[in-house]
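What follows is a short report on a single structure.
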There are 2 protein chains.
Amino acid sequence: MTVLTGPPRTFSVSEVAVDSGVAPSAVRFYDNHGVINAVRTAGNQRRFDGSAACRIQVAKLAQRAGLSVREIAALFAGLSADPTPDEWADVARRLVTEVEERVRDLKAQLAAMGSGTRLCEIGRNDPAR
Amino acid sequence: MTVLTGPPRTFSVSEVAVDSGVAPSAVRFYDNHGVINAVRTAGNQRRFDGSAACRIQVAKLAQRAGLSVREIAALFAGLSADPTPDEWADVARRLVTEVEERVRDLKAQLAAMGSGTRLCEIGRNDPAR
DNA sequence: ACTTGACTTCAACATATGTTGAACCTGCAC
DNA sequence: GTGCAGGTTCAACATATGTTGAAGTCAAGT
């Protein structure tokens, strides 16, 4: 079944900006790049659902963890308006998988450096000199 | 004591490019931005020590984990030419600490979303409507 | 209906991260 | 000492990620 719920409330650009902690210009930027999705009023103004501020908060942290806006938009592509917890969980799983792989790669390189085999030629002196 | 070692071998831009897997233009870019440090020949050409390719490999992975070139240069700032394993270990520790904090922040936000308290107002409907 | 604050688009600017091309110079092998 | 692969700088270009300002439109209260 579906819970009885009226027309869901929507948010303007500046509301989403305040809720997500970014500038209004950034909200428009994220809309233009598919991180969030606006519907338009009869007068062409953007209206967002409640997930927009949330998407942006996640997007900012994902950016700090190395993902590009394009990658984040792709990650959010399957998300419906006002996503279900299950949809969010799936996004979260894919996101964490991706950033953890990047951290693993970094750690592996760091580990390969100092220890044992000098894969990275640390302090390398030409062996053939 | 110090191990008996002749004048250590140096590397040209294109050698570092090959060893690190980036374009020569990128090697010059990283030099200009302090990720690596060249000495100059009498004829003004760059010469790098063996750590340069290594620094770049780490830098590329650190970038994928969310660090900027400026941040990476700052991280490498304390590193001497041909750094000791101890110096590398210190850099590695600080680097991992930083990226893991970013991942923690992301995970915390994701966790706060789906579960329990709707901090992110998922599927929010105006409570005062 | 008016006013006014918030919205629209678009272009220009700004910073980060490189790449490319021109014009010129070096280093090394012969 | 000559040739030439590869080095130098500098400016322009390119993409990503936004911000700012101008010029005009919308929405909502009075």
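Chain letters run A, B, ... following the sequence lines, proteins first, then strands; residues in each count from 1.
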Begin with the C-alpha distance, continue with both residues' side-chain angles, and end with the deciding distance and a verdict on salt bridge (Lys or Arg N to Asp or Glu O under 4.0 Å) for A:Asp105 and A:Arg102.
CA-CA 5 Å; A:Asp105 290 349; A:Arg102 296 182 185 200; over 6 Å; no
Among residues 96-106 of chain A, which residues get a heavy atom nearer than 4.0 Å to DNA chain C?
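Per residue number, the list is empty: none.
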Any residue of residues 27-39 of chain B with a heavy atom less than 4.0 Å from an atom of DNA chain C
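Result for residues 27-39 of chain B: B:Phe29, B:Tyr30, sorted by number.
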Measure the shortest side-chain to side-chain distance between [X] and [Y] over non-hydrogen atoms and say whether it is less than 4.5 angstrom.
X	Y	result
A:Leu79	A:Arg55	yes
B:Arg104	B:Glu101	yes
B:Val58	B:Leu95	yes
B:Glu87	B:Phe76	no

Do other residues, nucleotides or ligands put more than 12 heavy atoms under 6.0 Å from the CZ atom of B:Arg94?
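More than 12 heavy atoms, drawn from other residues, nucleotides or ligands, come within 6.0 Å of this atom.
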Report the C-alpha separation of B:Phe29 and B:Val22 in whole Å, then their side-chain angles, then the decisive distance to 0.1 Å, and conclude whether the side-chain contact (heavy atoms from CB on, under 4.5 Å) test is met.
CA-CA 11 Å; B:Phe29 179 85; B:Val22 305; over 6 Å; no
Quick check: does any side chain N or O of A:Gln57 sit under 3.5 Å from a backbone N or O of A:Asp19, one acting as donor and the other as acceptor?
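Yes.
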Between the protein and nucleotides 1-4 of chain C, are there any N/O to N/O pairs under 3.5 Å, and if so, what are the atom names and distances?
none

Heavy-atom nearest nucleotide on DNA chain C for B:Ala23 versus B:Arg70: which residue maps closer to 5'?
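Closest to the 5' end, via its nearest nucleotide, is B:Arg70.
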With distance as the sole criterion, is a donor-acceptor pair present between the side chains of A:Asp49 and A:Ser51 under 3.5 Å?
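Indeed, the side chains of A:Asp49 and A:Ser51 share at least one donor-acceptor pair under 3.5 Å.
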Roughly how far apart are B:Phe11 CZ and B:Ile36 CD1, rounded to 0.5 Å?
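Going from the CZ atom of B:Phe11 to the CD1 atom of B:Ile36 covers 12.5 Å.
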What is the per-nucleotide protein-contact pattern of nucleotides 21-30 of chain C, from the 5' end, where B denotes a base atom under 4.0 Å from a protein heavy atom, S denotes such proximity for sugar-phosphate atoms only, and - denotes neither?
-----SS---
Find which nucleotide of DNA chain D each of B:Ser14 and A:Val69 is nearest to by heavy atoms, and output the residue with the more 5' nucleotide.
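Mapping each residue to its closest nucleotide by heavy atoms, the 5'-most match is B:Ser14.
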Would you grab the first and last nucleotide of DNA chain D (5' to 3') that comes under 4.0 Å of any non-hydrogen atom in chain A?
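Taking any atom under 4.0 Å from a heavy atom of chain A, the span is D:dA16 to D:dA27.
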B:Val13 and B:Asp31: side-chain contact (heavy atoms from CB on, under 4.5 Å), yes or no, with the steps?
CA-CA 10 Å; B:Val13 165; B:Asp31 182 28; over 6 Å; no
Take A:Arg46 and A:Arg40 through the test side-chain contact (heavy atoms from CB on, under 4.5 Å) and record every step on the way to the result.
CA-CA 5 Å; A:Arg46 290 172 180 84; A:Arg40 298 292 181 134; 3.5 Å; yes
Any ion pair linking A:Asp90 and A:Arg93 (charged N to carboxylate O, less than 4.0 Å)?
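Yes.
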With side-chain contact (heavy atoms from CB on, under 4.5 Å) as the criterion, how do B:Glu98 and B:Leu75 come out once you've worked through the C-alpha distance, each side chain's angles and the decisive distance to 0.1 Å?
CA-CA 10 Å; B:Glu98 177 62 32; B:Leu75 200 65; over 6 Å; no
Can you name the side chain to side chain contact (heavy atoms under 4.5 Å, CB included) partners of A:Gln63, sequence neighbours left out?
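Side chain to side chain contact (heavy atoms under 4.5 Å, CB included) list for A:Gln63, sorted by chain: A:Tyr30, A:Lys60, A:Val69, A:Ile72.
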